[in-house]
Q: 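For reference, the structure I am asking about is given below.
One-based numbering along the sequence shown.
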Amino acid sequence: MTIKQIEHFLKLYELKNVSQVAKSFDISQSAVSNSIKELESSLNGNLFDRIGKNLIPNQKGKQFFEEVLPLYKNIKELEERMKFARILRLNLLSSQNVGVYLLSNLIGDLARQYSLKFAIANTHKIITEILEHRCDVGLIESNITSPNITKIKIVNDELVVVCGDKSFANKSFYIDEIAGFEWIMREDGSGTRQTFLAGIPKGVEINVVLEINSTEAIKNAIKGKRLFSILPKFALEDGIYPLKIKNIKFSRDLSIVFHAKKANDDKFMELITRLKDSLAAFYSFSVPSCL
């Protein structure tokens with residue numbers, strides 16, 4: 001059974017004449033007759049009785065009409081929605097910082113345009129889900145390379161070492177001078193943690209006393225205390241004091257990632273471009289100008 005066969009059946013059900021149906025589709029009468037015969041064969045029975053020059057739906061034909069018409073309408077409506085991108089199932093995963101501080105301002109618009117499934121995950125999890133085709137689009141905070149992943153840079157972002165003790169605010173240190181203090185860090189698999197640890201010199205050991213998988217929880221934990229962490233600039237707030245680290249700049253790309261095979265889908269790439277531009281614009285308003 002094909003959509004075209006169903007369309008021929010519905011028109012014949014309406015007009016009851018093969019010649020008129022053929023004219024409406026601009027095909028031959030034999031093409032209509034063969035289409036109906038193939039449909040009847042697939043359903044194991046005739047759908048029409050011939051009365052004179054007309055074909056009249058029999059009981060089986062009437063039952064098929066009642067059941068297939070709403071299904072056919074649903075298919076055509078879906079086809080129209082897909083043509084104009086009013087429905088696209090989108091499974092979106094975002095790293096925590098991008099998801100909480102940047103994407104949250106755009107998620108409402110995305111939900112109105114797409115059938116959206118959204119969740120927060122760390123970079124390692126996002127890449128795994130994309131490679132296993134369980135995620136359409138990922139937003140990550142680390143520099144990754146993979147032959148099966150397409151990565152599009154949104155912006156270059158800088159991480160800053162912070163402390164909850166105001167006496168350290170804006171002072172300059174070598175990283176080994178503060179490594180022995182107590183640090184609270186993100187968990188393994190976090191892009192923020194990965195970028196920071198990759199940027200410090202070999203032999204420097206950071207005294208990590210606690211790992212928390214939430215940037216907000218880390219900020220709350222260090223406020224007012226001589227505790228250190230590493231945060232994106234766009235996540236800073238009052239009571240969190242940045243330090244200057246001599247000779248090291250912790251930077252990474254904020255990127256959109258997706259499976260390389262999706263790059264051939266024009267409508268998908270239109271979504272990626274809009275998402276990239278919107279996130280870049282919001283980022284420019286979010287980073288403190290004083291840093």
Side-chain angles (χ1 to χ4, degrees), residues 93-104 120-127 139-145 153-255 282-291:
L93 290 177
S94 174
S95 63
Q96 184 175 139
N97 293 322
V98 174
V100 171
Y101 299 104
L102 300 179
L103 185 63
S104 58
I120 297 290
N122 65 34
T123 296
H124 176 76
K125 175 71 171 177
I126 291 170
I127 296 302
L139 302 172
I140 65 170
E141 305 170 45
S142 61
N143 303 319
I144 62 100
T145 56
K153 176 181 173 180
I154 303 169
V155 293
N156 183 262
D157 177 57
E158 185 177 352
L159 298 172
V160 290
V161 172
V162 296
C163 183
D165 184 341
K166 190 175 182 179
S167 66
F168 283 82
N170 293 315
K171 291 185 177 180
S172 297
F173 299 91
Y174 290 104
I175 189 64
D176 60 322
E177 292 180 307
I178 58 172
F181 287 104
E182 295 182 332
W183 290 67
I184 298 180
M185 297 283 291
R186 286 286 306 277
E187 78 288 356
D188 283 335
S190 159
T192 299
R193 179 185 179 123
Q194 176 184 331
T195 299
F196 174 64
L197 294 181
I200 63 177
K202 290 182 179 179
V204 175
E205 295 290 334
I206 301 297
N207 180 28
V208 179
V209 295
L210 182 63
E211 295 179 356
I212 305 179
N213 64 354
S214 164
T215 299
E216 280 295 302
I218 290 174
K219 291 195 294 186
N220 290 333
I222 70 173
K223 280 183 179 178
K225 303 178 183 69
R226 187 168 291 187
L227 292 169
F228 292 76
S229 191
I230 182 84
L231 297 176
K233 281 185 178 180
F234 57 80
L236 299 185
E237 62 183 50
D238 290 343
I240 303 294
Y241 305 103
L243 288 67
K244 297 176 182 178
I245 304 301
K246 297 177 181 179
N247 301 331
I248 303 177
K249 183 177 181 180
F250 302 102
S251 65
R252 77 280 178 77
D253 291 341
L254 304 185
S255 304
F282 191 78
Y283 176 90
S284 67
F285 290 106
S286 301
V287 177
S289 59
C290 59
L291 293 179

Q: Going from CD1 on Ile222 to CH2 on Trp183, what distance comes out if it is rounded to the nearest 0.5 angstrom?
A: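 Between atom CD1 of Ile222 and atom CH2 of Trp183 there are 9.5 Å.
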Q: Can you see which heavy atom on Ile144 is nearest to which on Ile140, and at what distance?
A: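 In terms of heavy atoms, the two residues are closest at CG1-CD1, 3.6 Å.
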Q: Would you check if Ile245 and Ile178 make a side-chain contact, meaning some heavy-atom pair closer than 4.5 Å?
A: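 Yes. Closest side-chain heavy atoms under 4.5 Å.
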Q: Strictly by modelled atom types, are Asn97 and Thr215 linked by a side-chain donor-acceptor pair under 3.5 Å?
A: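 Yes, side-chain donor-acceptor contact under 3.5 Å.
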Q: NZ of Lys246: more than 12 outside heavy atoms within 6.0 angstrom?
A: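 Correct, the count exceeds 12.
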Q: Set out, in order, the CA-CA distance, both residues' side-chain angles and the distance that settles side chain to side chain contact (heavy atoms under 4.5 Å, CB included) for Glu237 and Lys219, then state yes or no.
A: CA-CA 9 Å; Glu237 62 183 50; Lys219 291 195 294 186; 2.9 Å; yes
Q: Quiz question: by atom type and distance under 3.5 Å, do the side chains of Thr192 and Glu141 form a donor-acceptor pair?
A: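 Their side chains do contain a donor-acceptor pair, which is all the 3.5 Å distance test asks for.
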Q: What's the spacing between Met185 CE and Glu211 CD if we round to 0.5 Å?
A: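 Atom-to-atom, Met185:CE and Glu211:CD are 8.0 Å apart.
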Q: Is there a side-chain contact between Lys249 and Glu158, using heavy atoms and a 4.5 Å cut-off?
A: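 Yes; the side chains approach each other to less than 4.5 Å.
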Q: Do Leu243 and Cys163 have side chains that approach each other closer than 4.5 Å (heavy atoms only, starting at C-beta)?
A: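 The answer is yes, as the side chains (C-beta and beyond) meet within the 4.5 Å cut-off.
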Q: List the steps and the verdict of side chain to side chain contact (heavy atoms under 4.5 Å, CB included) for Leu210 and Ile218.
A: CA-CA 9 Å; Leu210 182 63; Ile218 290 174; over 6 Å; no
Q: Taking atom OH as the centre, does Tyr174 end up with more than 12 heavy-atom neighbours from other residues, nucleotides or ligands that are less than 6.0 angstrom away?
A: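 Not more than 12 within 6.0 Å, no.
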Q: Report the C-alpha separation of Tyr283 and Ile154 in whole Å, then their side-chain angles, then the decisive distance to 0.1 Å, and conclude whether the side chain to side chain contact (heavy atoms under 4.5 Å, CB included) test is met.
A: CA-CA 9 Å; Tyr283 176 90; Ile154 303 169; 5.8 Å; no
Q: To check you understand the geometry: which heavy-atom pair defines the closest contact between Ile175 and Pro201, and what is its length?
A: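 Reported closest heavy-atom pair: CG2-CD, 3.7 Å.
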Q: If you round to the nearest 0.5 Å, how far is CD1 of Ile126 from CD1 of Ile120?
A: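 One finds 8.0 Å between CD1 of Ile120 and CD1 of Ile126.
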Q: Do the charged groups of Lys225 and Glu182 touch, with an N to O distance under 4.0 Å?
A: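 Judged by the 4.0 Å cut-off on N to carboxylate O distance, Lys225 and Glu182 do not form a salt bridge.
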Q: Can you list the steps and then say if Arg252 with Asp157 is a side chain to side chain contact (heavy atoms under 4.5 Å, CB included)?
A: CA-CA 6 Å; Arg252 77 280 178 77; Asp157 177 57; 3.0 Å; yes
Q: Which heavy-atom pair separates Ser167 from Arg226 by the least distance, and what is that distance?
A: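 Heavy-atom minimum between the residues: OG-NH2, 4.1 Å.
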Q: So do the side chains of Leu254 and Leu102 get within less than 4.5 Å of each other, counting heavy atoms only?
A: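 Leu254 reaches Leu102 side chain to side chain.
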Q: As a quick check of understanding, evaluate ring-ring contact (aromatic ring centres under 6.0 Å, His included) for Phe228 and Tyr241, giving each step before the final call.
A: CA-CA 9 Å; Phe228 292 76; Tyr241 305 103; over 10 Å; no
Q: So, taking the atom named OG in Ser214 and the one named CZ in Arg186, what distance separates them when rounded to the nearest 0.5 Å?
A: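 One gets 7.5 Å once the value is rounded to the nearest 0.5 Å.
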Q: Mind checking the OG-NE2 spacing from Ser142 to His124? Nearest 0.5 Å is all I need.
A: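 That separation rounds to 11.5 Å.
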Q: Tell me, do Phe168 and Val162 make a side-chain contact under 4.5 Å, heavy atoms counted?
A: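 Result no, sub-4.5 Å side-chain heavy-atom pair not found.
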Q: If you look at every heavy atom in Tyr101 and Phe282, which pair is closest and at what distance?
A: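 So the minimum-distance heavy-atom pair works out to O-CE2, 3.4 Å.
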Q: Got a second to check how far Asn122's CG is from Leu93's CG, nearest 0.5 Å?
A: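 Reported to 0.5 Å precision, the distance equals 10.0 Å.
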Q: Verify whether one side chain among Asp253 and Ser255 offers a donor that lies under 3.5 Å from an acceptor in the other.
A: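 Checked: Asp253/Ser255 side chains show no N/O donor-acceptor pair below 3.5 Å.
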Q: Tell me if the NZ atom of Lys125 is crowded by more than 12 foreign heavy atoms within 6.0 Å.
A: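 No - once you tally the heavy atoms of other residues, nucleotides and ligands closer than 6.0 Å, there are 12 at most.
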Q: Identify the heavy atoms of Leu103 and Ser94 that sit nearest to each other, and give their distance.
A: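 Smallest heavy-atom distance, with atoms named: CD2-CB, 4.1 Å.
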Q: So, for Asn207 and Gly180, which heavy atoms are closest and what is the spacing to 0.1 Å?
A: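 Distance-wise, the nearest heavy atoms are ND2-O, 3.2 Å.
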